[in-house]
Number of protein chains: 2
Amino acid sequence: MGLRETKVARTRAQIVDVAVNLFLEKGYDGTTMEEIAEQAEVGTTTLYRYFPSKDLILLDPFTREDPVADTVRSRPADEPIDIVLGHAVLATFAYLEHDQPRINAIRTLIDESSAPRARLWDVLARNLAELERAIAERTGAPVDSVSVRMTARVTQLTIELAADTWRSSEGTRRLPEIARTIMAALKSDGVPFPAVPPSA
Amino acid sequence: MGLRETKVARTRAQIVDVAVNLFLEKGYDGTTMEEIAEQAEVGTTTLYRYFPSKDLILLDPFTREDPVADTVRSRPADEPIDIVLGHAVLATFAYLEHDQPRINAIRTLIDESSAPRARLWDVLARNLAELERAIAERTGAPVDSVSVRMTARVTQLTIELAADTWRSSEGTRRLPEIARTIMAALKSDGVPFPAVPPSA
DNA sequence: ATACCAACTGGTAGTTACTACCACATTGAG
DNA sequence: CTCAATGTGGTAGTAACTACCAGTTGGTAT
């Protein structure tokens with residue numbers, strides 16, 4: 001890794017760090033891009049080169065590749081699909097748990113302002129598409145089939161539900177444990193799907 | 001309904017109509033709020049009173065109350081939950097189908113620009129919350145329970161899947177028929193949920 | 001070491017979404 | 001008819017974001 005790449009990576013990390021601190025201190029809307037640029041010691045032009053929009057700074061940790069699709073691809077071929085997805089869910093949390101409090105704070109900030117909150121789903125849509133591809137490859141079903149699309153979404157929802165529950169539990173329980181509880185509940189209780197009403 | 005209310009309603013409709021036509025003609029990003037105000041024959045201040053942000057003009061049809069939660073509340077108490085949800089799904093489409101082509105065009109515009117596309121999820125989150133409440137009332141489970149939250153989301157996903165499929169079929173099939181097909185497929189194939197991997 | 005190209009930086013000027021505040025017009029009620 | 005409530009619209013300002021341009025720095029080939 002050359003000097004140039006190193007500098008770019010450092011600048012990028014610096015921007016995110018400075019920005020999140022400012023957001024925590026003065027709120028997302030109360031912080032201007034100029035302030036971020038100034039504190040990060042870059043010009044505003046440079047700032048916009050690293051992050052084309054303000055909300056993407058806050059969403060940075062969520063734009064990195066998540067390990068769900070990779071897990072689906074790397075599990076043994078004879079493992080049942082529900083277990084594969086269970087591993088994928090747990091992999092996400094192993095990945096997230098290392099800087100728990102900061103991610104937690106960032107997620108709270110995201111939910112508080114409308115621009116990043118809205119954009120989050122847009123960002124997660126990319127993960128969803130990749131998960132769909134991975135599931136389709138594994139099961140042999142077409143990517144746009146009902147089962148593939150629904151399976152991918154249900155998996156993402158399970159992750160979201162677990163993360164939500166964890167966030168509102170304020171660190172009293174560990175993430176993987178919460179995920180296990182939720183998956184167990186889904187299995188034992190079952191989830192009703194909308195069904196075609198009898199025509200009579 | 002007094003004269004004042006009539007005028008307000010007319011102005012509102014006029015704004016949406018003018019704006020969507022401009023969006024279709026020049027694109028969402030290529031249309032300014034000033035142009036919309038001018039063509040709709042209102043001041044920009046007034047425009048912002050009706051719609052606090054540009055994307056909400058385009059999202060207007062999706063901010064109206066959707067009938068899903070209402071359907072859940074109004075079905076007979078002894079009807080099985082999956083059938084109730086099936087009715088709710090079909091109710092949405094009966095409601096949507098009356099101005100099919102325009103809604104279709106609007107949805108395409110939404111998907112093409114990042115701001116409205118992102119904001120759409122934020123808007124639909126309100127419907128989701130109300131559906132959660134309706135399901136919780138009916139089943140007696142707490143609103144924040146895993147089953148209620150997952151059921152509500154799965155229902156919303158079924159609607160989304162059907163609408164997506166319909167949009168890409170370009171009007172060759174009717175919406176309720178597509179919805180029935182999807183629900184039937186979900187029932188017969190089943191959807192795998194992530195499951196806790198064996199600890200061994 | 002020197003020359004050179006590519007990538008990175010940052011400043012200036014401009015557009016546009018959106019807000020705050022203002023005076024003015026219109027509606028509807030007593 | 002009067003008056004208060006409600007709606008209208010203009011002006012001035014902020015801040016996100018873009019286009020353009022000149023200058024700097026890092027890597028590379030000679």
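Protein chains get the first letters and strands the later ones, always in sequence-line order, with residue 1 at the start of each.
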Expressed as a whole number of angstroms, how long is the span from [X]:[atom1] to [N]:[atom2]?
X       : N      : atom1 : atom2 : value
B:Glu5  : C:dT27 : CD    : P     : 14 Å
A:Leu22 : D:dA16 : CG    : P     : 12 Å
B:Asp29 : D:dA16 : CG    : P     : 18 Å
A:Tyr48 : D:dC20 : OH    : P     : 18 Å
A:Leu47 : C:dC8  : CG    : P     : 16 Å
A:Leu56 : D:dC17 : CG    : C1'   : 13 Å
B:Leu3  : D:dT8  : CG    : P     : 12 Å
A:Ile57 : D:dC17 : CD1   : C1'   : 12 Å

Side chain of [X] - closest among [options]:
X       : options               : answer
B:Arg4  : D:dA16, D:dT6, C:dT9  : D:dT6
A:Arg49 : C:dC18, D:dG7, D:dC21 : D:dC21
A:Ser53 : D:dC17, D:dG9, C:dA17 : D:dC17

Next on the checklist: Heavy-atom nearest nucleotide on DNA chain D for A:Gly2 versus A:Thr44: which residue maps closer to 5'?
Outcome noted: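 Of the two residues, A:Thr44 wins.
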
Next on the checklist: On DNA chain D, compare the nucleotides closest to A:Glu34 and B:Gly43; which residue's is nearer the 5' end?
Outcome noted: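 Its nearest nucleotide lies further toward 5', so the answer is B:Gly43.
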
Item to check | Student check: side-chain heavy atoms of A:Asp82 and B:Pro194 closer than 4.5 Å | outcome: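 The answer is no, as the side chains (C-beta and beyond) never meet within the 4.5 Å cut-off.
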
Checklist entry - Where each residue is assigned the nucleotide of DNA chain C containing its nearest heavy atom, which of B:Lys7 and B:Asp55 is assigned the position nearer the 5′ end? => result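 Closer to the 5' end of DNA chain C: B:Asp55.
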
Item to check | DNA chain C: 5'-proximal contact among A:Thr45 and B:Met33 (nearest heavy atom) | outcome: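 Closest to the 5' end, via its nearest nucleotide, is A:Thr45.
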
Checklist entry - Within the structure shown, what part of the strands sits under 4.0 Å from A:Thr46 by heavy-atom distance: base, sugar-phosphate, or nothing? => result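 Here A:Thr46 touches the bases of the nucleic acid.
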
Checklist entry - So what does B:Thr6 hit on the nucleic acid, given a heavy-atom distance under 4.0 Å: a base, only sugar-phosphate, or nothing? => result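 The answer is nothing, as B:Thr6 stays clear of every strand by at least 4.0 Å.
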
Next on the checklist: For B:Phe193 and A:Phe193, take the angle between the two ring planes, folded into 0 to 90°, and tell me which bin it lands in: parallel under 30, tilted 30 to 60, perpendicular over 60.
Outcome noted: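 Because their plane-to-plane angle is over 60°, the rings of B:Phe193 and A:Phe193 count as perpendicular.
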
Checklist entry - Think B:Tyr50 has a side-chain N or O under 4.0 angstrom from the OP1 or OP2 of D:dT8? => result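 It does, given that an N or O in the side chain of B:Tyr50 lies less than 4.0 Å from OP1 or OP2 of D:dT8.
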
Next on the checklist: Is it the case that over 12 heavy atoms from other parts of the model lie below 6.0 angstrom from the CZ atom of A:Arg173?
Outcome noted: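 Yes - once you tally the heavy atoms of other residues, nucleotides and ligands closer than 6.0 Å, there are more than 12.
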
Item to check | Ring-face cation of B:Lys54 near B:Tyr48 (centre distance under 6.0 Å, axis angle within 45°) | outcome: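 Checked: cation-pi criterion not met.
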
Item to check | Flag, side chain of A:Glu35 to backbone of A:Thr32, donor-acceptor distance under 3.5 Å | outcome: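 Yes: the side chain of A:Glu35 pairs with the backbone of A:Thr32.
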
